[in-house]
Peer 1: 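Below is one structure. I have some questions about it.
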There are 2 protein chains.
Amino acid sequence: MVRRTGRRPGNPDTRDAILAAARSAFAEKGYDGASIRAIATGAGVDPALVHHYFGTKDKLFLAAMNMPLDPGEIIPEVLAGDPEGLGERLVRMFLTVWDSPAGKAGVGLLRSAMSSDWTARMFRDFVVTQVLRRVMNAVPMPPEEAPLRVSLVASQLAGLAMVRYVLKVEPLASTPREVLVAAVGPTIQRYIFGDLPKPKAAD
Amino acid sequence: MVRRTGRRPGNPDTRDAILAAARSAFAEKGYDGASIRAIATGAGVDPALVHHYFGTKDKLFLAAMNMPLDPGEIIPEVLAGDPEGLGERLVRMFLTVWDSPAGKAGVGLLRSAMSSDWTARMFRDFVVTQVLRRVMNAVPMPPEEAPLRVSLVASQLAGLAMVRYVLKVEPLASTPREVLVAAVGPTIQRYIFGDLPKPKAAD
DNA sequence: TCTGAAATTCAACGCCTGTTGAACTCAACG
DNA sequence: CGTTGAGTTCAACAGGCGTTGAATTTCAGA
């Protein structure tokens, strides 16, 4: 039995304050643009304290981004139901998440994924293993076509996020959610269930 | 009449060498990641010479990115022809450009567009005024629906570029061009000509 | 109350950045 | 020849960065 003495919990609010400041900084500036000094200032704290809690900047980034989204919860909810409306439900869920406060962190992830290499790899792996693979396993598809179909879905959704939330291109940035659901839903539906060209070996 | 004496032409190759090094650096690292010092080294030149030619880093970026792509040439070529195959032709043109060496600069633009704000604005304005507006004017559409339709097209194409060329998500990154043309073409076709939900005022 | 560990800060290191201005080289012109 | 000015480099500035280690405060347990 290890009985540790001394001041143990102290004031754990600061840790969360740092995390919050880090999330908003990463969201606004991306990984490279956000500085530990600025994050510390935003949390009303010395930069050294950030290192005391999280070590390197990498670990802080991971800690800041891991928390806010849990795909394990929302995805099954979307996949349940009739396959006919799956495309629309997927788009609706996607837009809802991005419109929520958790979506702000997503903007940071997306920004960071484009700048450095390791964030790109991390983002890709996260999306592939946490999101696409779940969708693949839950929807009945020929296993050969599945990866391409899922990639196509990802491309349309990623483009939507980029144009609407990062670049903020009008009028798409302020188009009501349900209009986009009706417009983009069928695309997703077709990518999942529709006809697809056979990948030929020759040529 | 101003008659300038002294060494005039000298060795103007260096200017292009700097431009080339800048393009490849911006493409690999994005605006913030690429450093003037690294660009200078890549061109076998002193960092100060870069400033001598281009002034600030901003101007160098603009000079490096303005050159390689001229939408005024390729877009009309795509728009000509039967409307039926327009979607596929658009996707084919898009992928061809991105596969070409000029596309490497595009990767840089896309990366940079996500990091800083002013590059995002620049990229958006470039795309909106140089690409989307041309397409809008050339394709017969009800002027009310046109902006949304064009935005949707942009979102699908942007997502394609992001997933295939920046994030390099498999299998989409190595899927043959024509397979993607057949898969995504109909989406574009539907965004341009297909049914779209009416944007309601109420609700 | 005393002790010692956690929470927090201060000051500094070394590095890289964009930018500047003075210097040097050298081909072309008068 | 000598002047000129473009091409080019050198050395330095001022500032931001991530990170570190020592010092200081604060408080829970003995």
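Only a predicted model underlies this, so the values are computations on that prediction, with no experimental measurement involved. Here is how names work: the chains are called A, B, and so on, in the same order as the sequence lines, proteins then strands, and each is numbered from 1.
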Peer 1: Can you check each nucleotide of nucleotides 12-22 of chain C against protein heavy atoms at under 4.0 Å and return B for base, S for sugar-phosphate only, - for none, in 5' to 3' order?
Peer 2: B----BBBBB-
Peer 1: Once you round it to whole Å, what is the distance between P of dT8(C) and NE2 of His52(A)?
Peer 2: 8 Å
Peer 1: Where do Val50(B) and Ala40(B) come nearest, in terms of heavy atoms and distance?
Peer 2: CG2-CB, 4.0 Å
Peer 1: Can you check the Asp13(A) CG to dA6(C) C1' distance for me, whole Å?
Peer 2: 15 Å
Peer 1: To check you understand the geometry: which heavy-atom pair defines the closest contact between Gln156(B) and Val184(B), and what is its length?
Peer 2: CG-CG1, 3.7 Å
Peer 1: Give me the atom names and distance for the closest heavy-atom approach of Phe54(B) to Ile18(B).
Peer 2: CE1-CG2, 3.7 Å
Peer 1: Just N and O in the side chain of Tyr53(B): are any of them under 4.0 Å from OP1 or OP2 of dT8(D)?
Peer 2: yes
Peer 1: What is the separation between atom CG on Leu60(A) and atom C1' on dT19(D), rounded to the nearest whole Å?
Peer 2: 14 Å
Peer 1: Looking only at heavy atoms, which two atoms of Thr175(A) and Arg164(A) are closest? And how far apart?
Peer 2: O-NH1, 2.8 Å
Peer 1: Closest approach of Phe26(B) and Ala64(B), non-hydrogen atoms and distance?
Peer 2: CD1-CB, 4.2 Å
Peer 1: Within this structure, what is the CZ-to-P distance between Arg15(B) and dT8(D), rounded to whole angstrom?
Peer 2: 12 Å
Peer 1: Between the opening five pairs and the closing five pairs of the helix from dT1(C)-dA30(D) to dG30(C)-dC1(D), how far apart are the helix axes, to 10°?
Peer 2: 20°
Peer 1: Are Thr14(A) and dT8(C) close enough that a side-chain N or O sits under 4.0 Å from OP1 or OP2?
Peer 2: yes
Peer 1: For Arg190(B) and Thr187(A), which I'm curious about, is there any donor-acceptor pair between the side chains at under 3.5 Å?
Peer 2: yes
Peer 1: How close do Met162(B) and Met162(A) get, counting heavy atoms only, and between which atoms?
Peer 2: SD-SD, 3.7 Å
Peer 1: Under the 3.5 angstrom rule, does the side chain of Arg149(A) hit a backbone N or O of Gly194(A) as a donor-acceptor pair?
Peer 2: yes
Peer 1: How many whole angstroms separate atom CZ of Phe54(A) from atom P of dT8(C)?
Peer 2: 12 Å
Peer 1: Which whole-number value in Å describes the distance from Leu49(A) CG to dT8(C) C1'?
Peer 2: 6 Å
Peer 1: May I ask you to check if Lys57(A) and Tyr31(A) form a cation-pi contact, with NZ or CZ under 6.0 angstrom from the six-membered ring centre and within 45° of the axis?
Peer 2: yes
